[in-house]
Each structure stands twice: as C-alpha cells, then as structure tokens.
Amino acid sequence: QVQLVESGGGLVQAGGSLRLSCAASGRTFSTYALGWFRQAPGKEREFVAAISWSGTAKTYAHSVKGRFTISRDNAKNTVYLQMNSLKPEDTAVYYCAAGFTATMRIDDFGSWGQGTQVTVAS
C-alpha cells in the first residue's frame, strides 16, 4: 500500500483558486492510478477527478470539468488538483486516493489520505 498526505486546503472566496497536493510514500507510486474525491457535510463521498499511472488518461466529474485539473509528478511522488473558479458548492473535505485503475468508483481505490478542508465563501 501507499501512504497519502493531502495539503493545500483552506478558505477562499467564490471565483478564487486553490491547488491541492497529495504526497505519497512508497517506491511504487508511479504504478498507481490516483484520484481525488470530496465529501461535504451530510453528503456521501463523491468522485472529483482521476489520473492514470502514466498521467495520459484523466477523468473528471461533470460538476468540475473545465474548472479543475488533475496532474501528477511521479518524480516527486505527488498528485495535484488545481481548482479554479471555485463555487460555494465545492466546499468539502477533499481526499486523495490510490488504486489500480483511474475510475470514478470509490471501491476501486484502496489507499486513502486523511483529507484536507476546502471552504469556498460566497
């Protein structure tokens, strides 16, 4: 398994930007697909974006497509989520996850970080 630690969350005004980072431990980082998920208070955890092990395949939730960008740097064992044009409905705890396939399904990801809070003020 790989250990994941998210950072970069915070409070931002609507229309602003944040970049989340997820640092991973383990020499096999480059073999994992990585995903970002989020969970708002009182709601189920939902898919945000995923990227294949090579970085060539990316998938986004419809609600964030065109505003968020997922990327990875295998040399730094880090995956990023650039979030632009943030909306109050983007407020949630954001989780990084590692798995074998870049899918939208939570069950396909076996390793999870602790999460980082993103709050978007209107």
Side-chain angles (χ1 to χ4, degrees):
Q1 279 194 334
V2 60
Q3 282 71 50
L4 304 167
V5 178
E6 303 95 335
S7 62
L11 173 64
V12 64
Q13 294 293 316
S17 298
L18 280 175
R19 188 176 81 155
L20 305 183
S21 299
C22 176
S25 63
R27 292 178 292 177
T28 59
F29 174 82
S30 62
T31 66
Y32 285 94
L34 298 164
W36 286 97
F37 293 77
R38 66 187 182 187
Q39 188 166 17
K43 294 187 177 181
E44 294 186 351
R45 192 170 299 189
E46 65 175 7
F47 169 80
V48 175
I51 188 168
S52 63
W53 67 271
S54 65
T56 56
K58 301 177 184 180
T59 306
Y60 296 94
H62 178 74
S63 60
V64 307
K65 192 173 292 185
R67 299 188 298 123
F68 291 11
T69 302
I70 189 171
S71 62
R72 66 189 295 166
D73 186 337
N74 286 342
K76 295 183 178 180
N77 278 15
T78 303
V79 61
Y80 305 97
L81 185 68
Q82 178 66 44
M83 305 186 294
N84 298 329
S85 302
L86 282 161
K87 305 175 182 179
E89 51 263 44
D90 293 318
T91 295
V93 177
Y94 282 71
Y95 297 90
C96 173
F100 294 111
T101 307
T103 74
M104 294 186 277
R105 299 191 304 175
I106 289 177
D107 290 346
D108 286 340
F109 293 86
S111 297
W112 292 81
Q114 293 300 306
T116 185
Q117 176 71 47
V118 171
T119 303
V120 184
S122 57

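All values reported here derive from a predicted model rather than from experimental measurement.
Residues M83 and V48 form no side-chain contact, since every pair of their non-hydrogen atoms from C-beta on lies 4.5 Å or further apart. Using a 4.5 Å heavy-atom threshold, the side chains of C22 and L34 count as separate. Contact check for S21 versus K76: no side-chain heavy atoms found under the 4.5 Å cut-off. Taking 4.5 Å as the limit, every side-chain heavy atom of L4 sits out of range of all side-chain heavy atoms of Y95. Using a 4.5 Å cut-off on side-chain heavy atoms (C-beta onward), L86 and F68 make contact. With contacts defined as side-chain heavy-atom distances shorter than 4.5 Å, the pair C96/W36 qualifies. The closest side-chain heavy-atom distance from T31 to W53 is not below 4.5 Å.
Although no hydrogens or angles enter the test, the distance criterion places no donor-acceptor pair under 3.5 Å between the side chain of N84 and the main chain of T69. The main-chain N or O of R105 is found under 3.5 Å from a side-chain atom of T103 such that the two form a donor-acceptor pair. Put simply, the side chain of T56 never gets that close to the backbone of S54: no donor and acceptor are under 3.5 Å apart.
With respect to V93, the side-chain contact (heavy atoms from CB on, under 4.5 Å) criterion is satisfied by exactly one of Q114, R45, E6, Q117: Q117.
Of all the heavy atoms in R38 and D90, the pair that sits closest is NH1-OD1, 2.9 Å. Residues L11 and A121 share a closest heavy-atom pair of CD1-CB, 4.2 Å. Between S122 and A14 the shortest heavy-atom distance is CA-CB, 4.3 Å. Taking each heavy atom of A40 and A92 in turn, the nearest pair found is N-CB, 3.8 Å. Nearest heavy atom pair, residue S85 against residue S17, reads N-OG, 4.3 Å. Looking at every heavy atom in both residues, A24 comes nearest to F29 through CB-CD1, 3.2 Å.
No continuous path of ILVMFWY side-chain contacts below 4.5 Å connects F109 to Y80, so the two sit in separate hydrophobic clusters. Cluster annotation: M104 and W112 are assigned to the same hydrophobic cluster (Ile/Leu/Val/Met/Phe/Trp/Tyr, side-chain heavy-atom contacts under 4.5 Å, transitive).
Between Q3 and S25, the side chains place a donor N or O and an acceptor N or O closer than 3.5 Å (distance only, hydrogens not considered).
More than 12 heavy atoms of other residues, nucleotides or ligands sit less than 6.0 Å from atom NZ of K58.
Relative orientation of the F47 and F37 rings is perpendicular, given thresholds of 30° and 60° on the angle between their planes.
Note that R67 lies outside the cation-pi zone of Y60, set by a 6.0 Å cut-off to the ring centre and a 45° limit from the axis.
If you take CG on L81 and OG1 on T116, they are separated by 11.0 Å, rounding to the nearest 0.5 Å. For the atom pair CZ (R72) and CG (N77), the distance works out to 9.0 Å, reported to the nearest 0.5 Å. Expressed to the nearest 0.5 Å, how far CG of L20 lies from CD of Q82 amounts to 9.0 Å.
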